[in-house]
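In what follows, chains are A, B, ... by sequence order, proteins preceding strands, each numbered from 1. Heavy-atom basis, side chains included; hydrogens, waters and symmetry copies ignored.
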2 protein chains.
Amino acid sequence: MSVKERKERERADRERLIVATARELAEQQGWDAVTTRRLAERIEYSQPVLYSHFRGKREIIGAVALEGAAEMAVALRAATSAADGPRARVAALARAYLDFAEHNPAVYDALFQLDGGLAYAREDTPEQLKDAFAALLECLAEVAGDGVHPGLFTEVFWAALHGLATLTRAGRLLPEDAESRVELLVDRLAVI
Amino acid sequence: MSVKERKERERADRERLIVATARELAEQQGWDAVTTRRLAERIEYSQPVLYSHFRGKREIIGAVALEGAAEMAVALRAATSAADGPRARVAALARAYLDFAEHNPAVYDALFQLDGGLAYAREDTPEQLKDAFAALLECLAEVAGDGVHPGLFTEVFWAALHGLATLTRAGRLLPEDAESRVELLVDRLAVI
DNA sequence: GATTCGATCCTAGCATCGCTAGACAATCGA
DNA sequence: TCGATTGTCTAGCGATGCTAGGATCGAATC
(Lines give C-alpha, C1' and ligand atoms only; values in the text may rest on other atoms or scores of the structure.)
Protein backbone atom coordinates (compact mmCIF):
# COMPACT_ATOMS: atom_id res chain seq x y z
CA MET A 1 0.00 0.00 0.00
CA SER A 2 2.81 2.38 0.81
CA VAL A 3 4.00 2.27 -2.76
CA LYS A 4 0.66 3.51 -3.97
CA GLU A 5 0.67 6.20 -1.33
CA ARG A 6 4.12 7.34 -2.32
CA LYS A 7 3.06 7.59 -5.93
CA GLU A 8 0.03 9.60 -5.01
CA ARG A 9 2.16 11.90 -2.92
CA GLU A 10 4.63 12.39 -5.75
CA ARG A 11 1.80 13.09 -8.10
CA ALA A 12 0.35 15.72 -5.79
CA ASP A 13 3.80 17.26 -5.47
CA ARG A 14 4.13 17.47 -9.18
CA GLU A 15 0.73 19.08 -9.49
CA ARG A 16 1.73 21.73 -6.99
CA LEU A 17 4.95 22.21 -8.95
CA ILE A 18 2.99 22.80 -12.14
CA VAL A 19 0.77 25.43 -10.52
CA ALA A 20 3.67 27.17 -8.80
CA THR A 21 5.73 27.20 -11.98
CA ALA A 22 2.85 28.51 -14.05
CA ARG A 23 2.30 31.29 -11.56
CA GLU A 24 5.99 32.15 -11.41
CA LEU A 25 6.29 32.24 -15.16
CA ALA A 26 3.15 34.34 -15.48
CA GLU A 27 4.38 36.85 -12.92
CA GLN A 28 7.77 37.06 -14.61
CA GLN A 29 6.73 37.31 -18.24
CA GLY A 30 2.94 37.51 -18.35
CA TRP A 31 0.38 34.84 -19.10
CA ASP A 32 1.10 34.97 -22.82
CA ALA A 33 4.51 33.50 -22.04
CA VAL A 34 2.94 30.59 -20.19
CA THR A 35 2.78 28.10 -23.02
CA THR A 36 2.39 24.40 -22.43
CA ARG A 37 5.81 23.80 -23.98
CA ARG A 38 7.63 26.30 -21.79
CA LEU A 39 5.78 25.13 -18.72
CA ALA A 40 6.62 21.51 -19.45
CA GLU A 41 10.25 22.37 -19.97
CA ARG A 42 10.47 24.22 -16.66
CA ILE A 43 9.06 21.33 -14.66
CA GLU A 44 11.31 19.00 -16.64
CA TYR A 45 8.54 16.83 -17.99
CA SER A 46 7.01 16.55 -21.42
CA GLN A 47 3.86 18.37 -22.46
CA PRO A 48 1.39 15.51 -22.14
CA VAL A 49 2.16 15.24 -18.44
CA LEU A 50 0.39 18.56 -17.94
CA TYR A 51 -2.73 17.04 -19.45
CA SER A 52 -2.68 14.15 -17.03
CA HIS A 53 -3.14 16.70 -14.23
CA PHE A 54 -5.28 19.35 -15.89
CA ARG A 55 -7.79 19.32 -18.67
CA GLY A 56 -5.92 22.11 -20.39
CA LYS A 57 -4.27 25.46 -19.96
CA ARG A 58 -7.53 26.93 -18.70
CA GLU A 59 -7.62 24.64 -15.70
CA ILE A 60 -4.06 25.58 -14.84
CA ILE A 61 -5.07 29.23 -14.81
CA GLY A 62 -8.00 28.25 -12.61
CA ALA A 63 -5.69 26.50 -10.16
CA VAL A 64 -3.51 29.59 -9.90
CA ALA A 65 -6.65 31.66 -9.36
CA LEU A 66 -7.80 29.51 -6.44
CA GLU A 67 -4.38 29.69 -4.82
CA GLY A 68 -4.43 33.45 -5.28
CA ALA A 69 -7.92 33.84 -3.86
CA ALA A 70 -6.86 32.13 -0.65
CA GLU A 71 -3.84 34.41 -0.35
CA MET A 72 -5.91 37.48 -1.06
CA ALA A 73 -8.36 36.58 1.68
CA VAL A 74 -5.48 36.26 4.13
CA ALA A 75 -4.01 39.59 3.05
CA LEU A 76 -7.34 41.38 3.35
CA ARG A 77 -8.07 40.02 6.82
CA ALA A 78 -4.58 40.86 8.00
CA ALA A 79 -4.95 44.43 6.82
CA THR A 80 -8.37 45.02 8.37
CA SER A 81 -7.54 43.42 11.69
CA ALA A 82 -4.57 45.75 12.08
CA ALA A 83 -6.69 48.89 11.73
CA ASP A 84 -8.75 50.74 14.34
CA GLY A 85 -12.19 52.06 13.60
CA PRO A 86 -14.54 51.46 10.69
CA ARG A 87 -13.12 54.21 8.50
CA ALA A 88 -9.53 53.03 8.92
CA ARG A 89 -10.54 49.42 8.39
CA VAL A 90 -12.26 50.14 5.10
CA ALA A 91 -9.36 52.26 3.90
CA ALA A 92 -6.92 49.52 4.87
CA LEU A 93 -9.05 46.98 3.05
CA ALA A 94 -9.09 49.05 -0.11
CA ARG A 95 -5.34 49.61 -0.03
CA ALA A 96 -4.67 45.94 0.66
CA TYR A 97 -6.85 44.94 -2.28
CA LEU A 98 -5.14 47.32 -4.67
CA ASP A 99 -1.72 46.34 -3.34
CA PHE A 100 -2.47 42.71 -3.95
CA ALA A 101 -3.55 43.45 -7.50
CA GLU A 102 -0.45 45.54 -8.10
CA HIS A 103 2.04 43.08 -6.68
CA ASN A 104 0.44 39.92 -8.04
CA PRO A 105 -0.78 40.99 -11.46
CA ALA A 106 -0.70 37.52 -12.96
CA VAL A 107 -2.66 36.05 -10.09
CA TYR A 108 -5.13 38.91 -10.26
CA ASP A 109 -5.57 38.30 -13.97
CA ALA A 110 -6.14 34.61 -13.35
CA LEU A 111 -8.78 35.51 -10.80
CA PHE A 112 -10.72 38.22 -12.54
CA GLN A 113 -9.59 38.80 -16.10
CA LEU A 114 -8.81 35.44 -17.66
CA ASP A 115 -11.03 32.46 -18.12
CA GLY A 116 -9.99 29.85 -15.60
CA GLY A 117 -13.16 27.86 -16.06
CA LEU A 118 -14.33 28.67 -12.54
CA ALA A 119 -17.89 29.25 -11.42
CA TYR A 120 -18.56 32.61 -9.81
CA ALA A 121 -21.52 33.87 -7.82
CA ARG A 122 -23.07 30.42 -7.75
CA GLU A 123 -23.63 27.58 -5.37
CA ASP A 124 -20.83 25.48 -6.78
CA THR A 125 -18.38 28.35 -6.56
CA PRO A 126 -15.12 27.10 -5.02
CA GLU A 127 -14.65 27.81 -1.32
CA GLN A 128 -11.57 29.95 -1.88
CA LEU A 129 -13.55 32.39 -3.99
CA LYS A 130 -16.46 32.52 -1.59
CA ASP A 131 -14.04 33.14 1.26
CA ALA A 132 -12.27 35.99 -0.52
CA PHE A 133 -15.63 37.65 -1.04
CA ALA A 134 -16.46 36.94 2.59
CA ALA A 135 -13.29 38.73 3.65
CA LEU A 136 -14.53 41.81 1.83
CA LEU A 137 -18.02 41.42 3.23
CA GLU A 138 -16.89 41.09 6.86
CA CYS A 139 -15.26 44.47 6.74
CA LEU A 140 -17.72 46.29 4.52
CA ALA A 141 -20.91 45.15 6.24
CA GLU A 142 -20.38 47.60 9.09
CA VAL A 143 -20.27 50.59 6.74
CA ALA A 144 -23.00 49.59 4.31
CA GLY A 145 -25.43 52.03 5.89
CA ASP A 146 -28.98 51.51 7.15
CA GLY A 147 -31.33 49.65 4.88
CA VAL A 148 -28.62 48.72 2.43
CA HIS A 149 -28.02 45.05 1.88
CA PRO A 150 -24.41 44.29 2.91
CA GLY A 151 -23.90 41.91 -0.01
CA LEU A 152 -25.03 44.49 -2.51
CA PHE A 153 -22.86 47.15 -0.95
CA THR A 154 -19.88 44.81 -1.02
CA GLU A 155 -20.46 44.11 -4.70
CA VAL A 156 -20.47 47.81 -5.54
CA PHE A 157 -17.41 48.55 -3.45
CA TRP A 158 -15.61 45.57 -4.90
CA ALA A 159 -16.51 46.62 -8.44
CA ALA A 160 -15.05 50.05 -7.79
CA LEU A 161 -11.83 48.54 -6.47
CA HIS A 162 -11.70 46.16 -9.41
CA GLY A 163 -12.16 49.04 -11.82
CA LEU A 164 -9.38 51.02 -10.20
CA ALA A 165 -7.07 48.01 -10.18
CA THR A 166 -7.56 47.03 -13.79
CA LEU A 167 -7.70 50.51 -15.30
CA THR A 168 -4.57 51.53 -13.46
CA ARG A 169 -2.64 48.47 -14.46
CA ALA A 170 -3.75 48.77 -18.09
CA GLY A 171 -2.45 52.34 -18.21
CA ARG A 172 -5.93 53.83 -18.40
CA LEU A 173 -5.41 55.63 -15.10
CA LEU A 174 -2.20 57.24 -13.93
CA PRO A 175 -0.81 55.66 -10.76
CA GLU A 176 0.11 59.01 -9.22
CA ASP A 177 -3.40 59.76 -7.97
CA ALA A 178 -4.11 56.26 -6.74
CA GLU A 179 -4.14 57.28 -3.09
CA SER A 180 -6.46 60.24 -3.71
CA ARG A 181 -8.87 57.95 -5.52
CA VAL A 182 -8.94 55.52 -2.62
CA GLU A 183 -9.62 58.35 -0.17
CA LEU A 184 -12.45 59.66 -2.29
CA LEU A 185 -13.94 56.23 -2.77
CA VAL A 186 -13.89 55.38 0.93
CA ASP A 187 -15.21 58.78 2.00
CA ARG A 188 -18.15 58.62 -0.33
CA LEU A 189 -19.15 54.96 -0.32
CA ALA A 190 -18.66 54.06 3.32
CA VAL A 191 -21.21 55.24 5.86
CA ILE A 192 -19.37 55.75 9.14
CA MET B 1 -5.74 62.56 -60.98
CA SER B 2 -9.25 61.19 -60.63
CA VAL B 3 -7.95 57.68 -61.06
CA LYS B 4 -5.69 58.11 -58.09
CA GLU B 5 -8.50 59.59 -56.07
CA ARG B 6 -10.78 56.72 -56.93
CA LYS B 7 -8.15 54.24 -55.79
CA GLU B 8 -7.68 56.08 -52.54
CA ARG B 9 -11.41 56.08 -52.02
CA GLU B 10 -11.65 52.37 -52.71
CA ARG B 11 -8.80 51.74 -50.35
CA ALA B 12 -10.48 53.74 -47.61
CA ASP B 13 -13.70 51.83 -48.25
CA ARG B 14 -11.88 48.55 -47.87
CA GLU B 15 -10.31 49.70 -44.64
CA ARG B 16 -13.73 50.55 -43.25
CA LEU B 17 -14.95 47.16 -44.41
CA ILE B 18 -12.15 45.45 -42.52
CA VAL B 19 -12.95 47.29 -39.30
CA ALA B 20 -16.69 46.76 -39.64
CA THR B 21 -16.23 43.07 -40.41
CA ALA B 22 -13.85 42.57 -37.51
CA ARG B 23 -16.33 44.22 -35.19
CA GLU B 24 -19.24 42.20 -36.52
CA LEU B 25 -17.34 38.95 -36.21
CA ALA B 26 -16.20 39.84 -32.70
CA GLU B 27 -19.73 40.67 -31.58
CA GLN B 28 -21.07 37.47 -33.12
CA GLN B 29 -18.47 34.97 -31.93
CA GLY B 30 -16.04 36.82 -29.66
CA TRP B 31 -12.59 38.21 -30.36
CA ASP B 32 -11.03 34.76 -30.26
CA ALA B 33 -12.92 33.96 -33.43
CA VAL B 34 -11.50 37.01 -35.18
CA THR B 35 -8.52 35.39 -36.85
CA THR B 36 -6.73 36.98 -39.75
CA ARG B 37 -7.76 34.08 -41.96
CA ARG B 38 -11.44 34.28 -41.15
CA LEU B 39 -11.42 38.05 -41.42
CA ALA B 40 -9.69 37.89 -44.79
CA GLU B 41 -12.18 35.34 -46.03
CA ARG B 42 -15.14 37.47 -44.97
CA ILE B 43 -13.92 40.55 -46.79
CA GLU B 44 -13.09 38.32 -49.77
CA TYR B 45 -9.41 39.19 -49.90
CA SER B 46 -6.32 37.27 -48.91
CA GLN B 47 -4.63 37.61 -45.55
CA PRO B 48 -1.75 39.89 -46.59
CA VAL B 49 -4.22 42.57 -47.64
CA LEU B 50 -5.02 43.12 -43.98
CA TYR B 51 -1.38 43.88 -43.34
CA SER B 52 -1.32 46.55 -46.03
CA HIS B 53 -3.89 48.45 -43.98
CA PHE B 54 -2.92 47.57 -40.44
CA ARG B 55 0.33 46.62 -38.78
CA GLY B 56 -1.33 43.57 -37.29
CA LYS B 57 -4.34 42.24 -35.48
CA ARG B 58 -3.68 44.61 -32.60
CA GLU B 59 -4.15 47.67 -34.77
CA ILE B 60 -7.43 46.27 -36.05
CA ILE B 61 -8.63 45.95 -32.47
CA GLY B 62 -7.49 49.51 -31.91
CA ALA B 63 -9.48 50.73 -34.90
CA VAL B 64 -12.61 49.05 -33.56
CA ALA B 65 -11.93 50.63 -30.19
CA LEU B 66 -11.73 54.13 -31.64
CA GLU B 67 -14.95 53.64 -33.55
CA GLY B 68 -16.56 52.38 -30.36
CA ALA B 69 -15.30 55.29 -28.28
CA ALA B 70 -16.92 57.76 -30.63
CA GLU B 71 -20.21 55.89 -30.46
CA MET B 72 -20.05 55.66 -26.71
CA ALA B 73 -19.52 59.40 -26.41
CA VAL B 74 -22.60 59.99 -28.54
CA ALA B 75 -24.65 57.55 -26.48
CA LEU B 76 -23.58 59.09 -23.18
CA ARG B 77 -24.35 62.65 -24.29
CA ALA B 78 -27.71 61.60 -25.68
CA ALA B 79 -28.63 59.98 -22.37
CA THR B 80 -27.57 62.89 -20.17
CA SER B 81 -29.17 65.56 -22.33
CA ALA B 82 -32.50 63.79 -22.10
CA ALA B 83 -32.53 63.87 -18.29
CA ASP B 84 -33.59 66.65 -15.93
CA GLY B 85 -31.60 67.54 -12.84
CA PRO B 86 -28.14 66.44 -11.70
CA ARG B 87 -29.26 63.25 -9.98
CA ALA B 88 -31.23 62.04 -12.99
CA ARG B 89 -28.41 62.98 -15.35
CA VAL B 90 -25.82 60.98 -13.44
CA ALA B 91 -28.13 58.00 -13.17
CA ALA B 92 -28.85 58.19 -16.89
CA LEU B 93 -25.15 58.41 -17.60
CA ALA B 94 -24.42 55.32 -15.53
CA ARG B 95 -27.20 53.33 -17.16
CA ALA B 96 -26.14 54.41 -20.63
CA TYR B 97 -22.56 53.38 -19.92
CA LEU B 98 -23.56 49.95 -18.64
CA ASP B 99 -26.02 49.51 -21.49
CA PHE B 100 -23.33 50.26 -24.00
CA ALA B 101 -21.01 47.72 -22.39
CA GLU B 102 -23.76 45.13 -22.32
CA HIS B 103 -24.91 45.58 -25.88
CA ASN B 104 -21.48 46.03 -27.45
CA PRO B 105 -19.31 43.61 -25.50
CA ALA B 106 -16.75 43.16 -28.22
CA VAL B 107 -16.34 46.89 -28.69
CA TYR B 108 -16.11 47.36 -24.94
CA ASP B 109 -13.42 44.70 -24.79
CA ALA B 110 -11.50 46.37 -27.58
CA LEU B 111 -11.69 49.62 -25.66
CA PHE B 112 -10.84 48.54 -22.16
CA GLN B 113 -9.85 44.90 -21.95
CA LEU B 114 -7.75 44.04 -24.97
CA ASP B 115 -4.53 45.53 -26.15
CA GLY B 116 -5.32 47.72 -29.14
CA GLY B 117 -1.99 49.46 -29.01
CA LEU B 118 -3.63 52.76 -28.04
CA ALA B 119 -2.23 55.38 -25.71
CA TYR B 120 -4.40 56.24 -22.73
CA ALA B 121 -4.22 59.09 -20.24
CA ARG B 122 -1.49 60.78 -22.26
CA GLU B 123 -1.03 63.72 -24.56
CA ASP B 124 -0.99 61.60 -27.69
CA THR B 125 -4.18 59.83 -26.70
CA PRO B 126 -6.52 59.68 -29.71
CA GLU B 127 -9.26 62.30 -29.81
CA GLN B 128 -12.04 59.73 -29.68
CA LEU B 129 -10.82 58.44 -26.34
CA LYS B 130 -10.33 61.89 -24.88
CA ASP B 131 -13.82 62.81 -26.03
CA ALA B 132 -15.43 59.76 -24.47
CA PHE B 133 -13.81 60.68 -21.17
CA ALA B 134 -14.93 64.26 -21.70
CA ALA B 135 -18.51 63.06 -22.10
CA LEU B 136 -18.25 61.48 -18.67
CA LEU B 137 -16.57 64.52 -17.21
CA GLU B 138 -19.17 66.98 -18.50
CA CYS B 139 -21.90 65.25 -16.61
CA LEU B 140 -19.98 64.26 -13.51
CA ALA B 141 -18.27 67.59 -12.85
CA GLU B 142 -21.46 69.08 -11.46
CA VAL B 143 -21.77 66.36 -8.81
CA ALA B 144 -18.12 66.02 -7.82
CA GLY B 145 -18.67 68.03 -4.66
CA ASP B 146 -16.81 71.00 -3.22
CA GLY B 147 -13.05 70.80 -3.21
CA VAL B 148 -12.95 67.59 -5.20
CA HIS B 149 -11.16 67.70 -8.51
CA PRO B 150 -13.70 66.86 -11.25
CA GLY B 151 -11.17 64.81 -13.17
CA LEU B 152 -10.35 62.68 -10.15
CA PHE B 153 -14.01 62.23 -9.35
CA THR B 154 -14.70 61.18 -12.91
CA GLU B 155 -11.91 58.62 -12.77
CA VAL B 156 -13.34 57.05 -9.63
CA PHE B 157 -16.88 57.01 -10.95
CA TRP B 158 -15.69 55.60 -14.24
CA ALA B 159 -13.68 52.91 -12.47
CA ALA B 160 -16.77 51.86 -10.54
CA LEU B 161 -18.81 51.64 -13.74
CA HIS B 162 -16.03 49.73 -15.44
CA GLY B 163 -15.85 47.31 -12.55
CA LEU B 164 -19.60 46.72 -12.64
CA ALA B 165 -19.56 46.27 -16.40
CA THR B 166 -16.70 43.79 -16.54
CA LEU B 167 -17.57 41.78 -13.44
CA THR B 168 -21.15 41.43 -14.56
CA ARG B 169 -20.25 40.34 -18.03
CA ALA B 170 -17.66 37.88 -16.78
CA GLY B 171 -20.27 36.25 -14.57
CA ARG B 172 -18.70 37.52 -11.36
CA LEU B 173 -21.81 39.54 -10.53
CA LEU B 174 -25.37 38.46 -11.14
CA PRO B 175 -27.23 40.74 -13.56
CA GLU B 176 -30.42 40.71 -11.50
CA ASP B 177 -29.26 43.37 -9.05
CA ALA B 178 -27.66 45.62 -11.66
CA GLU B 179 -30.21 48.38 -11.21
CA SER B 180 -29.89 48.35 -7.43
CA ARG B 181 -26.13 48.66 -7.74
CA VAL B 182 -26.45 51.66 -10.01
CA GLU B 183 -28.83 53.35 -7.59
CA LEU B 184 -26.49 52.76 -4.69
CA LEU B 185 -23.48 53.95 -6.62
CA VAL B 186 -25.14 57.16 -7.77
CA ASP B 187 -26.63 57.91 -4.35
CA ARG B 188 -23.33 57.55 -2.58
CA LEU B 189 -20.80 58.94 -5.03
CA ALA B 190 -22.68 61.92 -6.45
CA VAL B 191 -23.05 65.02 -4.33
CA ILE B 192 -26.32 66.63 -5.30
C1' DG C 1 15.22 -14.75 -10.64
C1' DA C 2 12.57 -14.56 -14.94
C1' DT C 3 8.16 -13.03 -16.89
C1' DT C 4 4.06 -10.86 -17.50
C1' DC C 5 1.25 -6.79 -17.33
C1' DG C 6 -0.29 -2.31 -16.29
C1' DA C 7 0.84 2.32 -15.36
C1' DT C 8 3.61 6.16 -16.83
C1' DC C 9 5.86 8.99 -19.89
C1' DC C 10 7.71 10.71 -24.31
C1' DT C 11 8.12 11.31 -29.38
C1' DA C 12 5.85 12.86 -33.09
C1' DG C 13 2.23 15.03 -35.17
C1' DC C 14 -2.37 17.64 -36.07
C1' DA C 15 -4.83 21.84 -36.94
C1' DT C 16 -4.63 26.52 -36.20
C1' DC C 17 -2.58 30.94 -35.06
C1' DG C 18 -0.20 35.75 -36.55
C1' DC C 19 2.66 37.19 -39.90
C1' DT C 20 5.79 37.50 -44.24
C1' DA C 21 8.65 36.48 -48.48
C1' DG C 22 8.49 36.02 -53.15
C1' DA C 23 5.99 35.10 -57.37
C1' DC C 24 2.54 36.71 -60.37
C1' DA C 25 -0.69 39.80 -62.74
C1' DA C 26 -2.69 44.15 -63.70
C1' DT C 27 -2.06 48.86 -64.50
C1' DC C 28 0.40 53.06 -65.59
C1' DG C 29 3.63 56.31 -67.84
C1' DA C 30 6.69 56.85 -71.68
C1' DT D 1 4.36 48.69 -77.25
C1' DC D 2 7.23 48.12 -73.52
C1' DG D 3 9.53 48.59 -68.90
C1' DA D 4 8.23 49.94 -64.20
C1' DT D 5 5.26 50.21 -60.53
C1' DT D 6 1.57 48.85 -57.90
C1' DG D 7 -1.40 45.53 -56.11
C1' DT D 8 -2.60 40.86 -54.83
C1' DC D 9 -2.09 36.01 -53.96
C1' DT D 10 0.15 31.50 -52.97
C1' DA D 11 2.94 29.27 -50.01
C1' DG D 12 5.35 28.89 -45.98
C1' DC D 13 7.59 30.05 -41.24
C1' DG D 14 7.64 29.46 -36.34
C1' DA D 15 4.61 29.11 -32.63
C1' DT D 16 0.32 27.78 -30.24
C1' DG D 17 -2.93 24.10 -27.56
C1' DC D 18 -3.70 19.53 -27.59
C1' DT D 19 -3.52 14.24 -28.62
C1' DA D 20 -2.54 9.51 -30.55
C1' DG D 21 0.41 5.71 -30.23
C1' DG D 22 4.45 3.49 -29.03
C1' DA D 23 8.33 2.83 -25.72
C1' DT D 24 9.83 2.11 -21.05
C1' DC D 25 9.84 1.07 -16.46
C1' DG D 26 8.42 -0.99 -12.17
C1' DA D 27 5.41 -4.05 -9.44
C1' DA D 28 3.38 -8.42 -8.92
C1' DT D 29 3.22 -13.29 -10.17
C1' DC D 30 5.08 -17.85 -11.16
Side-chain angles (χ1 to χ4, degrees), chain A residues 1-19 21-23 25-26 28-65 106 109-110 114-117, chain B residues 1-19 21-23 25-26 28-65 106 109-110 113-118:
Chain A
M1 263 305 159
S2 99
V3 171
K4 192 179 173 187
E5 284 172 10
R6 193 203 69 219
K7 292 213 168 186
E8 282 174 4
R9 203 170 52 237
E10 288 174 352
R11 206 182 142 72
D13 284 344
R14 195 172 61 181
E15 188 157 316
R16 273 189 292 273
L17 177 64
I18 292 173
V19 176
T21 306
R23 176 175 176 172
L25 192 51
Q28 285 172 355
Q29 311 180 35
W31 277 106
D32 280 349
V34 183
T35 68
T36 54
R37 279 171 179 75
R38 248 193 292 262
L39 187 50
E41 192 187 7
R42 284 226 183 177
I43 64 169
E44 295 179 315
Y45 280 94
S46 71
Q47 268 182 296
V49 165
L50 300 175
Y51 293 87
S52 74
H53 287 271
F54 301 95
R55 223 178 265 273
K57 191 182 171 180
R58 207 162 78 148
E59 269 196 6
I60 297 177
I61 295 174
V64 172
D109 280 345
L114 303 175
D115 179 12
Chain B
M1 264 307 157
S2 97
V3 171
K4 192 179 172 188
E5 283 172 11
R6 192 203 70 220
K7 292 213 166 187
E8 282 175 4
R9 202 169 53 238
E10 287 174 352
R11 203 181 144 73
D13 283 345
R14 195 172 60 182
E15 188 157 317
R16 274 189 291 275
L17 177 63
I18 292 172
V19 177
T21 306
R23 175 176 176 170
L25 193 49
Q28 285 173 354
Q29 310 180 35
W31 276 107
D32 280 349
V34 183
T35 68
T36 55
R37 281 172 177 78
R38 248 192 292 260
L39 187 50
E41 192 187 8
R42 282 226 185 176
I43 64 168
E44 295 179 317
Y45 281 95
S46 70
Q47 265 183 300
V49 165
L50 300 175
Y51 292 86
S52 74
H53 287 271
F54 301 95
R55 221 179 267 272
K57 190 182 171 181
R58 207 163 76 149
E59 269 197 6
I60 298 177
I61 295 174
V64 172
D109 280 345
Q113 301 270 69
L114 303 175
D115 179 13
L118 301 175

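Regarding contacts with the backbone of C/dC17, a side-chain N or O of B/Arg38 is found under 4.0 angstrom from either OP1 or OP2. Not one side-chain nitrogen or oxygen of B/Ser46 sits closer than 4.0 Å to the OP1 or OP2 atom of D/dT8. Between A/Thr36 and the phosphate of D/dC18, there is no side-chain N or O to OP1/OP2 separation shorter than 4.0 Å.
For the pair A/Glu41 CD and D/dG17 C1', the interatomic distance rounds to 17 Å; values are reported in whole Å. When rounded to the nearest whole Å, the span between OH of A/Tyr45 and P of C/dC9 equals 6 Å. Rounding to whole angstrom units, CZ of residue A/Phe54 and C1' of D/dT19 are separated by 18 Å. As rounded to whole Å, 14 Å separates atom C1' of C/dC19 from atom CZ of B/Arg58. Taking atom CG of A/Leu114 as the reference point, atom P of D/dG17 lies 13 Å away to the nearest angstrom. The NZ-P distance, from A/Lys7 to D/dA27, rounds to 6 Å in whole Å. In this structure, the NE2 atom of B/His53 is 16 Å from the C1' atom of C/dC19, given to the nearest Å. Between B/Leu50 atom CG and D/dG7 atom C1' there is a gap of 15 Å when expressed in whole angstrom units.
For B/Arg37, the listed nucleotide lying nearest its side chain is D/dG12; candidates were C/dC14, D/dG12, C/dA21. Set against D/dC9, C/dC9, D/dC18, the side chain of B/Pro48 has D/dC9 as its closest nucleotide. Closest to the side chain of A/Arg14, out of C/dC9, D/dC9, D/dC18, is C/dC9.
Residue-to-nucleotide contacts include no donor-acceptor pair under 3.5 Å from the side chain of A/Gln47 to the base of C/dC10.
Among the atoms of the strands shown, only primed sugar atoms or phosphate atoms (P, OP1, OP2) are found under 4.0 Å from some heavy atom of B/Thr35. No contact: A/Arg55 has no heavy atom under 4.0 Å from any strand.
Side-chain contact between B/Gln113 and B/Trp31 is absent, with no heavy-atom pair separated by less than 4.5 Å. The shortest distance between side-chain heavy atoms of A/Arg16 and A/Asp13 falls below 4.5 Å. For the pair A/Leu25/A/Gln29, a side-chain contact is recorded, criterion being any heavy-atom separation below 4.5 Å from C-beta on. Counting heavy atoms from C-beta outward, B/Leu39 and B/Ile60 have side chains that approach closer than 4.5 Å.
Between A/Phe54 and A/Glu59, the closest heavy-atom pair is CA-OE1, 3.5 Å.
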